[in-house]
Amino acid sequence: MTIAAPTQLDLQKLAKDHLWLHFTRMGGYQTEDVPIIVRGDGCYLEDANGKRYLDALAGLFSVNIGYSFGEEIGQAALDQMRELPFYTNWSYAHPRAIELAAEVASLAPGDLNRVFFCSGGSEAVESAWKLARQYYLARGERGLRGRVEPGARAGALEPEVDHDAIVAAAGSQHRYKAVARHIAYHGTTFGALSINGIPAIRTPFEPLVPEVRHVSNTNRYHRPPDETEEQFTRFLLDELEQTILSMGPETVCLVHMEPVQNGGGAYTPPAGYWQGVREICDGYDILLSADEVITAFGRLGYWFGSERYDIRPDIVTSAKGLSSSHAAIGAVITTDRVMEPFLGQTSMFSHGITFGGHPVMCAIALKNIEIIKRERIVEHVRENEQAFHDTLAQLLELPIVGDLRGVGYFYALELVKDKDTRETFSDEEAERLLRGYLSNALFEAGMICRADDRGDPVIQISPPLVAGQREFDEIVGILGDVLSEAATIMR
Ligand SMILES: Cc1ncc(COP(=O)(O)O)c(C=O)c1O
């Protein structure tokens, strides 16, 4: 008898008895085995049965340097543990937080210069909205909010709660509302969840934080076929401006969007979109926040997606790639202009988190950035993105693959019922396709990627940024087989 077998059985039992997985239908694991991943190297993972998988999702769009730098990063963590295992950013600084803030500021584009650390992406989004709310108060705009005519809301896209009455009753009239986009994922804590544009994960927790409106995302695949890119951009910008007007522009503090939206599958912006969003935000004096939790630290072939699209945000939220998920650390990055009202003798941003700027997390993030620079990983993405795109484009020959979209190392394939009409699957069909077949089939075939139907059904592909042609070919080989079979099953 070997030792490995009983250990593995013990792990299965303990997982079933005690571990509650996130966003997971746990009922399925009463009969099925819980997938247990035990180690990784490069772009590959190994499960408790010794089976290997190509991780075409980089953990959760986040292990940018892959799985082979654990020892080097572990040494940096150990050194920091020996020197100072914890100290706080509440009122105090320490060397690693200072160094990391300076390093992130130097990498961030334009005038982004101030860094507030937190523990992950949701907290970063939460912090960004709170920062925006308090920014206008700190600037002395209390009481500026005007009344919104009821009629102005008639064309609004979402059902109304009378937040004005709530806010008026609380006696605090100021800019507090946010605008985000449909199907966008921004995290799960209450503020971040409220900004989320995915109804299925919002509705169980309503009422949410007032008040967020969602505008169209940049999914062009289902727009009228004769619409030009310029017309599409105009449509999106008009809708954004109308939405802000209907909310009362003087009540809106934040527009929060990803450079390339993940939810729905790698929606890239049409030409002129970000310049238009920036102009609208400037016109109504609203802070523009780029959610770069996925896109920062190389995923789009730049340190920040904001650089690729010249977004010029006032705020950037980041997390995953900051440490390549080797640590629980996120950051809100902002400009001197946004920080300025908080620099008075008696003013402060009334927000903090025990683990924000944790020295060990900062040491890990610093080492991660050092590795990204040393290994030329951002350059590697830029040099290989075309090859990656072209390799994936072979899958467009399959009858079930309607669209390939994305940039850098961040792609999605949209699956369709009818390629000519672009007809999508019904909810029941999507359930059968994604959960009934694809997720398991891909895992069985030795590949981890996400089959997602928060918008129309898509396969999301976002490997570690160290992947090269060998991994691109393997991804396409496995997806080719599995999607051909899926097309047959769905016929
Ligand atoms: C764009 C975006 N924002 C925020 C979050 C939330 O990050 P976290 O899961 O670290 O809380 C995510 C997570 O996937 C994300 O993709």
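The basis for the numbers below is simple: all heavy atoms, side chains too, and nothing from hydrogens, waters or symmetry mates. Please read all numbers here as calculations on a predicted model, not as lab measurements. Just so you know, ligand 1 is whichever comes first in the structure, and atom 1 is the first atom listed for that ligand.
- Distances below 4.0 Å separate heavy atoms of Asp291 from the following atoms of ligand 1: 1 (C), 2 (C), 3 (N), 4 (C).
- Residue contacts with ligand 1, taken as heavy atom pairs separated by less than 4.0 Å, involve Tyr185 via backbone and side-chain atoms alike.
- Using modelled atom types and a 3.5 Å distance limit, the side chains of Asn217 and His182 yield no donor-acceptor pair.
- At least one N or O atom of Gly121, backbone or side chain, sits closer than 3.5 Å to an N or O atom of ligand 1.
- Side chain to side chain, Tyr87 and Arg96 fail the donor-acceptor criterion of an N or O pair below 3.5 Å.
- Of the candidates Ser122, Gly187, Ser119, Ser325, it is Ser122 that places a heavy atom closest to atom 11 (O) of ligand 1.
- Atoms of ligand 1 found under 4.0 Å from any heavy atom of Ile294, numbered from 1 in the order shown, are 16 (O).
- Considering both main-chain and side-chain atoms, Glu123 never comes within under 3.5 Å of ligand 1 through any nitrogen or oxygen pair.
- Classified by interplanar angle (parallel below 30°, tilted 30° to 60°, perpendicular above 60°), the ring pair Phe388/Phe472 is parallel.
- Under the 6.0 Å distance and 45° angle rule, Arg175 counts as a cation-pi partner of Tyr136.
- The protein atom (non-hydrogen) at minimum distance from atom 14 (O) of ligand 1 is Lys320 NZ, 2.8 Å.
- In this structure, a donor-acceptor pair under 3.5 Å is present between the side chains of Asn368 and Ser324.
- Listed by number with element, the atoms of ligand 1 under 4.0 angstrom from any heavy atom of Glu258 are 1 (C).
- Within the cation-pi definition used here (under 6.0 Å to the ring centroid, within 45° of the axis), Arg432 does not qualify as a partner of Tyr437.
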